[in-house]
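Because only heavy atoms are used, hydrogens play no part in the values below, and waters and symmetry mates are left out as well, while side chains stay in. Since we're looking at a predicted model, the values are computed, not measured.
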Amino acid sequence: FGTLGRPYKLLGELHFFPYNSESQIFLKNLNVKVGRNEKNIDDMLIEEFRPESNLIKFKNIDSRELACSLSKNKLF
């Protein structure tokens, strides 16, 4: 789907950079795979996605520190 960027503010949201910026992606309540590569991935649930600002929030990621650990990972 795309790549995760830096955390946004303090509540665990991340900037999201889709591979195809022209596509209209609906990511809310979607289970995705997150990781640095295909061999090192975790299943995660997207709690909220704001397409107008490309911000993404995962379930159980509720702090800037946790969001920072996901930065630069890919969504599969």
Side-chain angles (χ1 to χ4, degrees):
F1 290 115
T3 304
L4 298 172
R6 291 180 167 198
Y8 175 75
K9 297 198 177 182
L10 302 174
L11 300 177
E13 294 175 304
L14 290 148
H15 291 278
F16 174 65
F17 302 98
Y19 292 135
N20 183 356
S21 60
E22 299 299 316
S23 67
Q24 296 196 2
I25 304 171
F26 183 74
L27 296 174
K28 189 172 182 180
N29 295 322
L30 181 68
N31 283 308
V32 294
K33 304 219 182 271
V34 177
R36 301 251 180 229
N37 55 51
E38 291 90 4
K39 296 178 183 177
N40 217 1
I41 58 174
D42 293 308
D43 290 322
M44 300 189 79
L45 176 67
I46 296 173
E47 188 174 280
E48 185 178 344
F49 176 63
R50 292 193 273 164
E52 69 280 353
S53 54
N54 278 345
L55 291 175
I56 196 165
K57 170 98 172 63
F58 293 98
K59 185 173 180 154
N60 298 326
I61 304 296
D62 297 323
S63 70
R64 184 175 181 86
E65 291 77 19
L66 289 173
C68 199
S69 70
L70 297 175
S71 184
K72 298 184 183 174
N73 279 308
K74 297 176 184 175
L75 257 64
F76 298 99

Sub-4.5 Å side-chain heavy-atom contact between Y19 and T3: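 In short, these two side chains touch, coming nearer than 4.5 Å.
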
Do L27 and I56 pass the side-chain contact (heavy atoms from CB on, under 4.5 Å) test, and can you show the C-alpha distance, the side-chain angles, and the key distance before you say yes or no? CA-CA 8 Å; L27 296 174; I56 196 165; 4.1 Å; yes

L30 reachable from F16 in the ILVMFWY side-chain graph, under 4.5 Å edges: yes

Same cluster for I61 and V34 if Ile/Leu/Val/Met/Phe/Trp/Tyr side chains link at under 4.5 Å? yes

For N40, check side chain to side chain contact (heavy atoms under 4.5 Å, CB included) against everything at least two apart and list the hits.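 Side chain to side chain contact (heavy atoms under 4.5 Å, CB included) list for N40, sorted by chain: N37.
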
Carefully, step by step, assess F58 and V32 under the rule side-chain contact (heavy atoms from CB on, under 4.5 Å). CA-CA 10 Å; F58 293 98; V32 294; 3.9 Å; yes

Validation: residues 66-76 side-chain donor-acceptor distances under 3.5 Å, sequence neighbours left out:
residue: S69; atom: OG; partner: L66; partner atom: O; Å: 2.5
residue: S71; atom: OG; partner: G5; partner atom: O; Å: 3.1
residue: N73; atom: OD1; partner: R36; partner atom: N; Å: 3.1
residue: N73; atom: ND2; partner: L70; partner atom: O; Å: 3.0

Measure the spacing between CD of E47 and CG of N29 and express it to the nearest 0.5 Å. 8.5 Å

To the closest 0.5 Å, what do you measure between CD1 (I41) and NZ (K39)? 12.0 Å

If you look only at pairs with a residue in residues 6-16, which of them pass as a side-chain hydrogen bond (donor to acceptor under 3.5 Å, both in side chains), with sequence neighbours excluded?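 Counting only pairs at least two positions apart or across chains, the side-chain hydrogen bond (donor to acceptor under 3.5 Å, both in side chains) contacts touching residues 6-16 are E13-R50.
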
I'd like to check the salt bridge (charged side-chain N to carboxylate O under 4.0 Å, His left out) partners of D62; sequence neighbours left out, ordered by chain and number. K57

Would you please name every residue forming a salt bridge (charged side-chain N to carboxylate O under 4.0 Å, His left out) with K33, sequence neighbours left out?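 Counting only residues at least two positions away or on another chain, K33 forms a salt bridge (charged side-chain N to carboxylate O under 4.0 Å, His left out) with D43.
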
Test question: given the 4.5 Å side-chain rule for I, L, V, M, F, W and Y, name all other residues clustered with L10, or answer none. none

